[in-house]
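This structure is a prediction, so every number in the text was calculated from the model and none was measured. So you know, we letter chains A, B, ... as the sequences are listed, proteins then strands, and number each from 1.
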Amino acid sequence: QSALTQPPSVSGSPGQSVTISCTGTSSDIGFYNGVSWYQQPPGTAPKLMIYEVNHRPSGVPDRFSGSKSGYTASLTISGLQAEDEADYYCSSYTSSSGSTPYVFGTGTKVTVL
Amino acid sequence: EVQLLESGGGLVQPGGSLRLSCAASGFTFSSYAISWIRQAPVKGLEWVSAISGSGGDTYYADSVKGRFTISRDNSKNTLYLQMNSLRAEDTAVYYCAKGNSIFGVDTEYYFDSWGQGILVTVSS
């Protein structure tokens with residue numbers, strides 16, 4: 001199974017908005033709504049930020065939002081803050097050939113300028 | 001508060017074996033599937049294996065099928081990963097991650113709590 005495609009990096013100034021894309025295929029993002037997003041600051045474990053495309057777990061700030069169109073899911077961070085600097089990964093259920101049911105994105109480093 | 005604590009990592013030679021453990025607390029352990037997810041140095045995340053809440057169903061990535069075995073002891077709230085025939089490419093930080101369902105595989109599955117991770121290094 002190939003990883004979902006994310007841009008290697010995005011950056012923005014405090015207060016700005018940034019959007020991270022996550023592109024898959026008809027076997028994953030294009031067909032299923034099991035898209036989730038994870039934040040991983042340096043040296044720490046991933047943390048769930050968005051599930052089922054656009055749902056936020058309790059405690060996640062509402063400046064984080066998710067969406068999906070066709071084969072591409074997106075994570076938008078509005079009102080960027082210094083604490084948002086981290087790596088971000090998308091994930092999806094996949095029905096492509098092989099036994100692996102879940103695939104992650106290649107990861108995007110968010111830098112706050 | 002959900003807590004997951006991995007142990008058992010370390011340095012092992014190629015072809016060797018290692019057993020990871022993940023001690024869980026803060027939730028009804030048997031009601032949720034748990035996965036192992038790994039991250040090679042300076043690389044992205046890779047799903048490795050999952051087990052249903054009852055332990056009756058197990059799932060593996062193609063890259064570890066036939067070499068790794070996932071299991072759980074619901075009386076001890078502990079998850080295991082037996083890793084055999086280890087290769088250099090298995091070197092990674094291994095995380096245990098709780099899912100949102102009792103089933104190990106689901107089209108709307110996500111990983112809502114993660115352990116801090118444990119490093120496994122395969123090298124001679």
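Counting all heavy atoms, side chain and backbone alike, A/A45 lies closest to B/G115 at CB-O, 3.1 Å. Heavy-atom minimum distance, A/Y93 versus B/V105: CE1-CG1, 3.6 Å. Minimum heavy-atom separation, A/L48 to B/Y110: CD2-CD1, 3.5 Å.
Both B/W36 and B/I34 belong to a single network of hydrophobic side chains, linked directly or stepwise wherever heavy atoms of I, L, V, M, F, W or Y lie under 4.5 Å apart. A continuous path of hydrophobic side-chain contacts links B/Y60 to B/V122 [ILVMFWY only; heavy atoms under 4.5 Å]. Under the 4.5 Å side-chain contact rule for hydrophobic residues, B/I51 and B/Y59 do not share a cluster. A continuous path of ILVMFWY side-chain contacts below 4.5 Å connects B/V120 to B/L79, so both sit in one hydrophobic cluster. A/L75 and A/L4 end up in the same hydrophobic cluster when Ile, Leu, Val, Met, Phe, Trp and Tyr side chains are linked at under 4.5 Å.
With a 4.5 Å cut-off on side-chain heavy atoms, B/Q39 and A/Y89 count as touching. A 4.5 Å side-chain heavy-atom check between B/D112 and A/P57 finds every atom pair outside the cut-off.
Chain B forms more heavy-atom pairs under 4.5 Å with one residue of A/S36, A/P46, A/G105 than with any other, namely A/P46. Between chain A and the residues B/T107, B/I37, B/V48, the largest count of heavy-atom pairs under 4.5 Å involves B/T107.
In this structure, OG1 in A/T100 is found 7.5 Å from CD in B/E46, a value given to the nearest 0.5 Å.
Within 6.0 Å of the OH atom in B/Y80, the count of heavy atoms belonging to other residues, nucleotides or ligands exceeds 12. Within 6.0 Å of the CZ atom in B/F103, the count of heavy atoms belonging to other residues, nucleotides or ligands does not exceed 12.
Interface residue B/K65: only side-chain heavy atoms are found under 4.5 Å from chain A. Residue A/F31 does not touch chain B at all, counting heavy-atom pairs closer than 4.5 Å. With a threshold of 4.5 angstrom between heavy atoms, A/S92 does not approach chain B through any atom at all.
Using the six-membered ring where Trp is involved, B/F111 and A/F104 have ring planes that are parallel, under 30° apart on the 30 and 60° scheme.
Proximity to chain A among residues 81-94 of chain B is not found for any residue, judged by heavy-atom separations below 4.5 angstrom.
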Could you walk me through whether A/V103 and B/W47 pass the side-chain contact (heavy atoms from CB on, under 4.5 Å) check?
CA-CA 7 Å; A/V103 62; B/W47 177 86; over 6 Å; no
